[in-house]
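Worksheet: one structure, shown below.
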Amino acid sequence: MIGLKPFDPWSVMMIAALNPVVIIVAVAMGRRIDQWQKVIVAGFAASLAGFLALYALTYFKVVPVKGIGGEAGVFLVQFGLGMIYAWLAWRFAGRSETR
């Protein structure tokens, strides 16, 4: 197990980019949305779910951390990536309706 350093921008980006909860929630919600505006909601929900999962992992000491220092950055990067994942899922869901 690797310990996270206090505010390492690369760690913040990797935590956000590789969080499977964000990907799963964003794709699941993105496949069901019917308007592009809901991509923002799906991204926010995915980011929140991913952040709560990360909090639970650090709380139960599965991921050792002394303080990332970039919690807001993790949330914002997850939000952006969640919107991208949701948009991709919405765009390629295979529905026949016009967008």
Side-chain angles (χ1 to χ4, degrees):
M1 265 198 181
I2 44 177
L4 301 175
K5 303 172 195 166
F7 190 69
D8 178 18
W10 183 247
S11 294
V12 170
M13 292 297 290
M14 294 309 295
I15 289 169
L18 299 177
N19 192 336
V21 175
V22 174
I23 298 168
I24 292 168
V25 171
V27 170
M29 290 184 74
R31 291 179 48 85
R32 296 185 177 268
I33 60 178
D34 56 354
Q35 298 172 344
W36 71 266
Q37 295 92 340
K38 294 179 183 176
V39 168
I40 299 167
V41 175
F44 185 80
S47 180
L48 184 60
F51 196 77
L52 290 174
L54 179 62
Y55 175 78
L57 289 175
T58 56
Y59 182 78
F60 292 113
K61 297 184 182 10
V62 175
V63 176
V65 64
K66 292 183 180 179
I68 298 172
E71 292 82 4
V74 170
F75 186 83
L76 289 175
V77 173
Q78 286 182 158
F79 180 50
L81 290 173
M83 287 194 308
I84 292 170
Y85 297 140
W87 180 82
L88 288 171
W90 170 67
R91 183 73 177 101
F92 298 108
R95 294 198 177 94
S96 60
E97 60 214 19
T98 307
R99 293 185 163 77

If you take all heavy atoms of [X] and [Y], which pair is closest and at what distance?
| X | Y | answer |
| --- | --- | --- |
| Q78 | G50 | NE2-C, 3.8 Å |
| D34 | W90 | C-NE1, 4.4 Å |
| G30 | I33 | O-CG1, 3.3 Å |
| G82 | A46 | CA-CB, 4.4 Å |

Membership question, hydrophobic clusters at under 4.5 Å side-chain separation (ILVMFWY): are [Y] and [X] in the same one?
| X | Y | value |
| --- | --- | --- |
| F92 | V39 | yes |
| M83 | W36 | yes |
| V25 | Y55 | no |
| V27 | V21 | no |

Checklist entry - Can you pull the salt bridge (Lys or Arg N to Asp or Glu O under 4.0 Å) pairs that have at least one residue in residues 78-87, sequence neighbours excluded? => result none
Checklist entry - Which value, rounded to the nearest 0.5 Å, describes the distance between K38 atom NZ and R32 atom CZ? => result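 If we round to the nearest 0.5 Å, K38:NZ and R32:CZ are 12.5 Å apart.
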Checklist entry - Just how far is it from atom CD1 of I24 to atom CG of N19, taken to the nearest 0.5 Å? => result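 Rounded to the nearest 0.5 Å, the CD1-CG separation comes to 9.0 Å.
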Checklist entry - Ignoring hydrogens and geometry, is there a side-chain-to-backbone donor-acceptor pair from S47 to G43 under 3.5 Å? => result no
Item to check | Residues in side chain to side chain contact (heavy atoms under 4.5 Å, CB included) contact with V77, at least two apart in sequence or another chain | outcome: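 Scan of V77 (side chain to side chain contact (heavy atoms under 4.5 Å, CB included), adjacent residues dropped) gives M13, A16, L81.
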Checklist entry - Going by heavy atoms in the side chains, are I40 and F79 under 4.5 Å from each other? => result yes
Item to check | Those residues that, when tested against F75, pass ring-ring contact (aromatic ring centres under 6.0 Å, His included) (two or more places apart) | outcome: F44
